[in-house]
Amino acid sequence: MKIAALSDIHFGTPGSEDWCYEAAPEKLRRAVSRINRDLQPDVTLILGDLLEDPGAKDARVRMDTLHGIFSALVGPWFAIRGNHDVPAEAFHAVFP
């Protein structure tokens, strides 16, 4: 079985000094494309810490953005909540 893993994305908050807000979506789209094209895994695991600030007002919007990007993965994928992510109920509302 071939497994791909992505972790510690730390998608930042708009207006912060965190470079991840601007860079994360495009870098993730490229990573997903490469995973699909080059790795062709049986499953992809997304291993937590998707957000930098889970208490930010736009946390749900950022999670929805990430879900949309991950939805382009070919084959099954699973997201696991990390300590930088929103509480479990809110996390699993986006990432069942």
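Quantities reported herein were computed from a predicted structural model and do not represent experimental measurements.
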ILVMFWY cluster, L45 and M63 together (side-chain gap under 4.5 Å): no
Do any N or O atoms from the side chain of S33 and from the backbone of R29 form a donor-acceptor pair under 3.5 angstrom? no
Just wondering, do N36 and L73 contact through their side chains at under 4.5 Å, heavy atoms? yes
Taking all atoms of both residues into account, what is the closest heavy-atom pair of H84 and E52, and its distance? ND1-O, 3.2 Å
Is it true that a side-chain atom of N83 and a backbone atom of D49 form a donor plus acceptor pair closer than 3.5 Å? no
Could you see if F78 belongs to whatever hydrophobic cluster contains I9? Use Ile, Leu, Val, Met, Phe, Trp, Tyr and a side-chain cutoff under 4.5 Å. no
Within the side chain of D85, is there an N or O that forms a donor-acceptor pair under 3.5 Å with the backbone of L51? yes
Rounded to the nearest 0.5 Å, how far apart are CG of L47 and CZ of R81? 14.5 Å
Over all atoms of both residues, closest heavy-atom pair of K2 and Q40: CD-O, 4.1 Å
Would you say that F11 contacts P25 through its side chain, given a criterion of any heavy-atom pair below 4.5 Å between the two side chains? yes
Could you check if a side-chain atom of I35 sits within less than 4.5 angstrom of a side-chain atom of L6, using non-hydrogen atoms only? yes
If you compare all heavy atoms of R62 against all heavy atoms of D53, which two are closest, and at what distance to 0.1 Å? NH2-O, 3.0 Å
When every non-hydrogen atom of A59 is compared with those of P54, the smallest separation belongs to CB-O, 3.6 Å
Any link between L39 and W77 through a network of hydrophobic side chains (Ile, Leu, Val, Met, Phe, Trp, Tyr) touching at under 4.5 Å? yes
Aromatic ring pairing F95/F70, orientation class (parallel under 30°, perpendicular over 60°, tilted between): tilted
Rounded at 0.5 Å granularity, tell me how far CG in L50 sits from CD1 in I80. 10.0 Å
Stepwise, does the salt bridge (charged side-chain N to carboxylate O under 4.0 Å, His left out) test hold for R34 with D38? CA-CA 5 Å; R34 289 178 180 153; D38 299 336; 5.5 Å; no
I need the E26 CD to I69 CD1 distance, nearest 0.5 Å. 8.5 Å
Kindly write out the residues that satisfy salt bridge (Lys or Arg N to Asp or Glu O under 4.0 Å) with R60, not counting sequence neighbours, or none if the list is empty. D64
